[in-house]
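Only one structure is covered here, and it is reproduced in the block below.
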There are 2 protein chains.
Amino acid sequence: MASQPLDTETESLELGVLTELAGYHLRRASGAFAADFSRVLAGTGMRQVLFGILSVVDANPGINQGAAGRMLGIQRANMVALINELVDKDWIERKVAADDRRAFALTMAPAGSAKLAECLARIRAHEEEMLSDLSAADRTRLITLLGKIEAKEK
Amino acid sequence: MASQPLDTETESLELGVLTELAGYHLRRASGAFAADFSRVLAGTGMRQVLFGILSVVDANPGINQGAAGRMLGIQRANMVALINELVDKDWIERKVAADDRRAFALTMAPAGSAKLAECLARIRAHEEEMLSDLSAADRTRLITLLGKIEAKEK
DNA sequence: TATTGTTATACTCTATAACTATA
DNA sequence: TATAGTTATAGAGTATAACAATA
């Protein structure tokens, strides 16, 4: 029976000092979330990073490529391929900024707005599933606590 | 003044739907933690994954390579290079398991125990820094909430 | 001089499939 | 037939340095 050694394993093995380290649990929880995200969004062409950019462009029409990256913690250099990908998919439009000819102003393309809506519905379901053991208060608390950690970013 | 556009940026730009998504905040907080981890442990040769393995081996002397990977969510195939690296660094010892000649029993090497202790001290300081805006109750709460999410791993 | 976007590059983490040797 | 470890390989995310065009 295959379950026996697994049960034994789960019962007797320990994580050691990891148990009390927030960094470890953050890593695992974030990984579990990411895996479920890509499972739920398989076939849509959407990924966590791309969704992040779409969300920021949608909320800030005409935002610069660099500014969008800065908000999301994405380096200039890495934004290039990501924006190319979004433009190729016809999800966003990229025009030279009116006030600064070095910069690009990003706006949503119609297909991008539709994708954003479609994926958002799936993402809400995925969040509901992943957070099903947390009360409404717990969920708010979690986001608040995570926000305090994000603010420590250097 | 370079701070002016940045201030304007922070004031007026928005994250959009990301604001309310736990997955996004988990991703950012985990990334901030990871970045600080590697900053604090620069020069030691330690990385998050390696520390995880060391912690598990330390807590479960003689554990199998596969069992260790399963506890940490690391695939068999990816364990190989990681264990090779730890053996090359003389941080762990790998012997054929007494009861199963297919398996490897992992134990700490003296240098590994020393590294673990040294790094743990730095990691505790790094956690203290990253969680400085959280009360003791908040920290416990955070780990509990993350644990519930980890349990959703499929 | 500083900034926007770009290219090139490299490293880490993760995922899958196919293989071997033992069980 | 299943499991432990291995190899090969590929995709994705992230990091740095150097460059052109513009501010």
query: Would you say the side chains of A:T107 and A:K95 form a donor-acceptor pair under 3.5 Å?
result: no
Compare the minimum distances between each of [options] and the side chain of [X], then state the nucleotide with the smallest one.
X      : options                : value
A:R76  : C:dG5, D:dA15, C:dT16  : C:dG5
B:D100 : D:dT16, D:dT6, C:dA23  : C:dA23
B:R27  : D:dG13, D:dG5, C:dT6   : D:dG13
A:N78  : D:dA15, D:dG5, C:dG5   : D:dA15
B:R47  : D:dT22, D:dG13, C:dC13 : C:dC13
B:Q65  : D:dT14, D:dT6, C:dT6   : D:dT6
B:A77  : C:dG5, C:dA17, C:dT14  : C:dA17

Using whole Å, report how far [atom1] of [X] lies from [atom2] of [N].
X      : N      : atom1 : atom2 : value
B:R39  : D:dT14 : CZ    : C1'   : 14 Å
A:R70  : C:dT3  : CZ    : C1'   : 9 Å
B:R101 : D:dA4  : CZ    : P     : 16 Å

- prompt: Hey, which of these two, A:A103 or B:I74, hits DNA chain C nearer its 5' end, going by closest nucleotide?
  reply: A:A103
task: Could you check B:R102 against A:N84 and say which one's nearest nucleotide on DNA chain C is further toward the 5' end?
output: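 So the residue in question is A:N84.
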message: I want to check something: taking the side chain as every heavy atom from C-beta on, are A:T19 and A:E14 in contact at a cut-off of under 4.5 Å?
response: no
query: Does the side chain of B:L86 reach to within under 4.5 Å of the side chain of B:V57, using non-hydrogen atoms?
result: no
Hydrophobic cluster membership, B:F51 vs A:L26, 4.5 Å side-chain cutoff: no
